[in-house]
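Scroll down for the structure; my scribbles are underneath it.
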Amino acid sequence: MKKTHPFDLSSATLHLLAMFFMLLDHSWARLLPSQEWMTCVGRLAFPIFAFMIVEGVHHTHDLTRYMKRMLLFALLSEIPFDLMYASTPFYPYHQNVLWTFLIALCGIRGIETVKKKQKKGLTVAASVGIVLGTSILSLICMTDYNMVGVFTVYVFYFFRGKRWWCYLGQFVTLWYLNVEILGGLCYVVEIMGVQLEIVQQGLALLALPIIWLYQGRKGYSSKWFQYFCYGFYPVHCLLISLLAKL
């Protein structure tokens with residue numbers, strides 16, 4: 001019998017953690033703007049979700065069905081997201097994050113199809129083209145996190161594994177995406193007389209140690225839990241938008 005490490009996080013646990021972090025971030029944005037710690041913690045949500053998208057690709061029995069389910073909930077989430085984000089049922093300038101994940105899934109599907117040709121040069125060239133093409137598409141469609149979001153999914157796709165170079169690749173690329181590209185608000189902290197600047201978005205890298213505790217264990221699994229995880233996104237967006245009007 002395989003021994004389970006005491007800090008081994010299951011897929012179900014990662015989903016619940018990511019949803020909790022996302023709830024904190026969105027609640028801060030619309031309900032509790034003075035509680036800035038909530039959005040700091042919320043930075044951890046997206047990398048975990050992106051990681052789980054890639055795990056979903058490798059564990060699903062039907063990638064097409066997986067993509068159709070993502071499309072369905074992206075459509076169902078758009079009005080609740082617009083209500084939460086812009087207080088209107090139709091806001092074409094920023095689409096919900098499930099579209100970002102769907103675009104990344106389309107890219108991964110394309111790369112996997114090319115891989116089956118078993119021609120290394122073709123695979124590399126096509127992968128580069130697909131990554132760039134889907135990233136630009138997310139920017140044109142103005143999806144949540146746009147290019148950075150799609151790239152984040154690809155980071156976990158290309159650096160999937162438990163080897164040291166996978167961990168290093170994940171850390172370096174996520175650091176570049178979140179600190180160098182997104183940047184933004186900085187906090188100045190003093191440690192032993194030395195002042196350091198911490199980029200708020202850079203706190204997303206704290207998701208990596210949590211992700212690395214995952215060893216492939218599925219954990220609790222049922223049909224209702226699966227749809228609870230999907231449904232949580234549009235439902236919490238709708239609830240936050242309603243509470244914001246009270």
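Just so you know, residue 1 is the first one in the sequence shown, and it goes up from there.
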Would a single hydrophobic cluster contain both [Y] and [X], if residues Ile, Leu, Val, Met, Phe, Trp and Tyr are joined by side-chain heavy-atom contacts under 4.5 Å?
{"X": "W175", "Y": "L168", "value": "yes"}
{"X": "V235", "Y": "L76", "value": "no"}
{"X": "L102", "Y": "I79", "value": "no"}
{"X": "Y145", "Y": "I140", "value": "no"}
{"X": "L83", "Y": "L75", "value": "no"}

- prompt: Taking only residues two or more places apart in sequence or in another chain, which ones pass ring-ring contact (aromatic ring centres under 6.0 Å, His included) with H59?
  reply: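 Per chain and number, H59 pairs via ring-ring contact (aromatic ring centres under 6.0 Å, His included) with no residue.
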
task: Compute whether any side-chain donor of one residue and acceptor of the other, for S135 and S138, lie under 3.5 angstrom apart.
output: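 No.
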
field: Short side-chain donor-acceptor distance under 3.5 Å, T64 and R109
entry: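 R109 vs T64: donor-acceptor pair found between side chains.
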
Would you check if the side chain of [X] reaches a backbone N or O of [Y] as a donor-acceptor pair within less than 3.5 Å?
{"X": "W99", "Y": "T143", "value": "no"}
{"X": "T134", "Y": "I103", "value": "no"}
{"X": "N146", "Y": "M142", "value": "no"}
{"X": "D144", "Y": "Q95", "value": "no"}
{"X": "D82", "Y": "T88", "value": "no"}

- prompt: Should F90 and E78 be marked as a side chain to side chain contact (heavy atoms under 4.5 Å, CB included) after you check the CA-CA gap, both sets of side-chain angles, and the distance that decides it?
  reply: CA-CA 8 Å; F90 180 69; E78 193 56 36; over 6 Å; no

Ignoring hydrogens, what is the shortest heavy-atom contact between [X] and [Y]? Give both atom names and the distance.
{"X": "N96", "Y": "A74", "result": "ND2-O, 3.0 Å"}
{"X": "V114", "Y": "T123", "result": "CG1-CA, 3.6 Å"}
{"X": "I181", "Y": "L177", "result": "CB-O, 3.3 Å"}
{"X": "C166", "Y": "G161", "result": "CB-O, 3.7 Å"}
{"X": "L205", "Y": "L174", "result": "CD1-O, 3.7 Å"}
{"X": "G184", "Y": "V199", "result": "N-CG1, 4.4 Å"}

Can you confirm whether [X] sits close enough to [Y] that some side-chain heavy atom of one is under 4.5 Å from a side-chain heavy atom of the other?
{"X": "Q170", "Y": "L208", "value": "yes"}
{"X": "L182", "Y": "V148", "value": "yes"}
{"X": "S11", "Y": "R217", "value": "no"}
{"X": "F73", "Y": "K68", "value": "no"}
{"X": "T100", "Y": "V150", "value": "yes"}
{"X": "L122", "Y": "V124", "value": "no"}
{"X": "L213", "Y": "L14", "value": "no"}

Are [Y] and [X] an aromatic pair, judged by ring center distance below 6.0 Å?
{"X": "Y233", "Y": "H236", "result": "yes"}
{"X": "Y167", "Y": "F159", "result": "no"}
{"X": "F46", "Y": "F101", "result": "yes"}
{"X": "F232", "Y": "H15", "result": "no"}

Value rounded to 0.5 Å, distance of [atom1] in [X] from [atom2] in [Y]:
{"X": "S27", "Y": "L32", "atom1": "OG", "atom2": "CG", "answer": "6.5 Å"}
{"X": "I136", "Y": "C141", "atom1": "CD1", "atom2": "SG", "answer": "12.0 Å"}
{"X": "L44", "Y": "F49", "atom1": "CG", "atom2": "CZ", "answer": "11.5 Å"}
{"X": "L9", "Y": "I48", "atom1": "CG", "atom2": "CD1", "answer": "9.0 Å"}
{"X": "L17", "Y": "M22", "atom1": "CG", "atom2": "CE", "answer": "12.5 Å"}
{"X": "F151", "Y": "F156", "atom1": "CZ", "atom2": "CZ", "answer": "14.5 Å"}

task: Begin from the C-alpha positions of F81 and M84 and carry the test side chain to side chain contact (heavy atoms under 4.5 Å, CB included) through to its verdict.
output: CA-CA 5 Å; F81 176 80; M84 180 189 72; 4.1 Å; yes

N/O donor-acceptor pairs under 3.5 Å from side chains in residues 238-246, not counting sequence neighbours:
residue, atom, partner, partner atom, Å
S241, OG, C237, O, 3.4
S241, OG, L238, O, 2.6

message: Under the side chain to side chain donor-acceptor pair (under 3.5 Å) definition, can you give me all pairs with a residue in residues 31-41, not counting sequence neighbours?
response: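 The answer is D25-T39, Q35-W37, E36-Y187, T39-R43.
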
task: Give the ring-plane orientation class for Y154 versus F158, where under 30° counts as parallel, over 60° as perpendicular and anything between as tilted.
output: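 Rings of Y154 and F158: tilted, as their planes differ by 30° to 60°.
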
query: Mind checking whether F51 and Y214 have parallel, tilted or perpendicular rings, split at 30° and 60°?
result: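 Perpendicular.
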
Check whether more than 12 heavy atoms from other residues, nucleotides or ligands sit under 6.0 Å from atom [atom1] of [X], and answer yes or no.
{"X": "K162", "atom1": "NZ", "result": "yes"}
{"X": "E190", "atom1": "CD", "result": "yes"}
{"X": "Y66", "atom1": "OH", "result": "yes"}

message: Checking R160 now: which residues fulfil salt bridge (charged side-chain N to carboxylate O under 4.0 Å, His left out) with it, not counting sequence neighbours?
response: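 Only E55 meet the salt bridge (charged side-chain N to carboxylate O under 4.0 Å, His left out) criterion with R160.
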
query: Residues in salt bridge (charged side-chain N to carboxylate O under 4.0 Å, His left out) with E112, at least two apart?
result: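 K115.
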
task: Apply side chain to side chain contact (heavy atoms under 4.5 Å, CB included) to the pair V179 and Q201, showing each step before the final yes or no.
output: CA-CA 6 Å; V179 177; Q201 185 59 39; over 6 Å; no

Can you give each donor-acceptor pair under 3.5 Å made by side-chain atoms of residues 224-231, sequence neighbours left out, with the distance rounded to 0.1 Å?
residue, atom, partner, partner atom, Å
W224, NE1, Y220, OH, 2.8
W224, NE1, S222, OG, 3.0
Y230, OH, R69, NE, 3.4

task: In sequence, state the C-alpha distance, the side-chain angles, and the governing distance for L203 and I198, and then conclude on side chain to side chain contact (heavy atoms under 4.5 Å, CB included).
output: CA-CA 8 Å; L203 295 172; I198 297 177; 4.1 Å; yes

